[in-house]
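In what follows, every chain begins at residue 1, and chains take the letters A, B, ... in the order their sequences are listed.
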There are 2 protein chains.
Amino acid sequence: MERTFRNSNFEGAYFKCEVGSGKSEKVSDFRLPISDFRLPISDFQTMPRTKQFNEEEVLRKAMELFWKQGYHATSIQNLVDQLGINRASLYDTFGGKDALFEKAFEKYVRDYSAQVIAQLSRHESVRRALEAFFLSEARAAARDKDHKGCFVVNTTTEFVPNSEEWAQRITRQRKAMEHLFLQYLQRAVEQGEIPPGKDLPALAAYLFTFYNGLKVVSKANDSEEELCRVVQVALSVLD
Amino acid sequence: MERTFRNSNFEGAYFKCEVGSGKSEKVSDFRLPISDFRLPISDFQTMPRTKQFNEEEVLRKAMELFWKQGYHATSIQNLVDQLGINRASLYDTFGGKDALFEKAFEKYVRDYSAQVIAQLSRHESVRRALEAFFLSEARAAARDKDHKGCFVVNTTTEFVPNSEEWAQRITRQRKAMEHLFLQYLQRAVEQGEIPPGKDLPALAAYLFTFYNGLKVVSKANDSEEELCRVVQVALSVLD
DNA sequence: GTGATATTGGAATGAATATTCCAAATAAAA
DNA sequence: TTTTATTTGGAATATTCATTCCAATATCAC
């Protein structure tokens, strides 16, 4: 507790820009002090040793490991080995296994949401955008030699129904993604790509359901061709 | 090892008919000895104490627990508490955690396959049969207060890609279910329900993929109505 | 009832688990 | 260089894990 917060006075006091592999070797570390910053409590006069690793990069590694193995099958030792940082650093920086998993999950959602939106907004035609999105997901899944699937989907099956907290988190994710699909479908109707009068919320929920299925099945089927044909069938509901 | 097989000479020698809760209280136990049965090796003269629990019933409980919680989140202590049998009995009867999980998985596949086939063969019309099947799955999922989903789907996300052995098992399951769907689709073409010339294997793979998605999504969405509408959208590819 | 033997409950074991702790090393500023 | 606060490596801790063991119990054949 005590050690965890010993630095809390200085949160946000510096813009850090760190570069390096983070594998406990020296890294560059530029700090741009905010000139008019006043120390609120402490009376110290020197700055201590800085972190030897890039926090974002380490978090990315943790994300990949939890993504691939899930929460229960990933041990702290596992993380220490893979992340290349010390046990104590892990606890000091991220708080513990639960907190680290949450941060990894949030990073995935953050990164992945941006990617989905970017992918979908590449085409004017909604039909083409959805096709491009699902085909790219199918291809990426088939090519991922780790067969990680989707972090959110994996977490759904691992934590629901055994954690009410995670069930709510997952539900929020579902609604966000269904809402995103819905917006595109509404635009499709406006653009005359989809005949009006269709049950768009059900269609959006369907797209989300199919997405989940694709992410599960692609873990155990790496045939790019088969997955792409399935996508084409799935999207034929839009015709 | 030694204790595990001490009774192996008598496997199948009796038709057992046991009744009882199995919660370490006395149960009725009727044994109908097979009259012409000859002891192959042993020279014993008395029969030992019989099992105090119904093996099939205990296996069913183990299946439900693994189904709900997964492999890693279920401890032996957990099983001992839930199954109502002794630690030693568990190891003697089922071999260990891994072996018990496998047996539970196989029981699920056995029971569930029979149920799927029964469900599908209720209607002459393939379209109606598929609709009845998916709607019944949606309704059952929404009504399952444990939100267990599908044991096979859960196992897919938990063990793939971290176990090659399970990946193969899961792949076999996928192919079996796709094959089942394909047979029905072929019959649908013969019966004139589906226009000829469609890519039936892709359609079968699509149905399987959607099934997986439904089983994931229904864990965190218990709205029967929403799930059923999604099913209707999904099956519109057949029109 | 008696003898033989498997089951049973619970303790014992040893490995793995998450987390905490501390001395030594180190970076930044004076 | 000295001072200071932090990171770091690895040991220490306490819990939980899967599994084994054994004495006591209970059942079946006689």
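Dashed line: the shortest gap from a side-chain N or O of A/Asn86 to OP1 or OP2 of D/dT7 is not under 4.0 Å. OP1 and OP2 of D/dT7 both lie 4.0 Å or more from every side-chain N or O belonging to A/Ser89.
Put simply, CG on B/Leu90 is 16 Å from P on D/dC21, counting in whole angstrom units. Between the CD1 atom of B/Ile85 and the P atom of C/dG10 there is a distance of 14 Å, given to the nearest Å. Distance CZ (B/Phe101) to C1' (D/dA18): 16 Å, rounded to an integer number of Å. Separating the CG atom of A/Asp92 from the P atom of C/dC21 is a distance of 11 Å, rounded to the nearest angstrom. Atom-to-atom, CG of B/Leu79 to C1' of D/dT19 comes out at 13 Å; the value is rounded to the nearest Å. When rounded to the nearest whole Å, the span between CZ of B/Phe94 and C1' of D/dA18 equals 17 Å.
Among residues two or more places apart in sequence or in another chain, the side-chain contact (heavy atoms from CB on, under 4.5 Å) test is passed with A/Ser113 by A/Val109. Partners of B/Arg172 according to the side-chain contact (heavy atoms from CB on, under 4.5 Å) rule, which considers only residues two or more places apart in sequence or in another chain, are B/Gln168, B/Arg169. The side chain to side chain donor-acceptor pair (under 3.5 Å) test applied to A/Glu226 returns A/Asn221, not counting sequence neighbours. For B/Phe105, the ring-ring contact (aromatic ring centres under 6.0 Å, His included) criterion is met by B/Phe151, B/Trp166, not counting sequence neighbours. Taking A/Ser136 as the reference, A/Gln119 meet the side-chain contact (heavy atoms from CB on, under 4.5 Å) condition, with sequence neighbours excluded. Evaluation of the side-chain contact (heavy atoms from CB on, under 4.5 Å) rule for B/Lys97 yields B/Phe66, B/Tyr71, B/Ile76 as partners, not counting sequence neighbours. In this view, A/Lys107 and A/Glu56, A/Asp111 satisfy the salt bridge (Lys or Arg N to Asp or Glu O under 4.0 Å) rule, not counting sequence neighbours.
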Completion exercise
Its contact letters, B for base, S for sugar-phosphate only and - for none at protein heavy atoms under 4.0 Å, make nucleotides 13-18 of chain C read ----SS
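Proximity of a side-chain donor or acceptor of A/Glu224 to a complementary backbone N or O of A/Ala138 within less than 3.5 Å is not detected. Although no hydrogens or angles enter the test, the distance criterion places a donor-acceptor pair under 3.5 Å between the side chain of B/Thr157 and the main chain of B/Asn154.
Rounded to 10 degrees, the angle between the two end axes of the helix from C/dG1-D/dC30 to C/dA30-D/dT1 is 20°, with five pairs used at each end.
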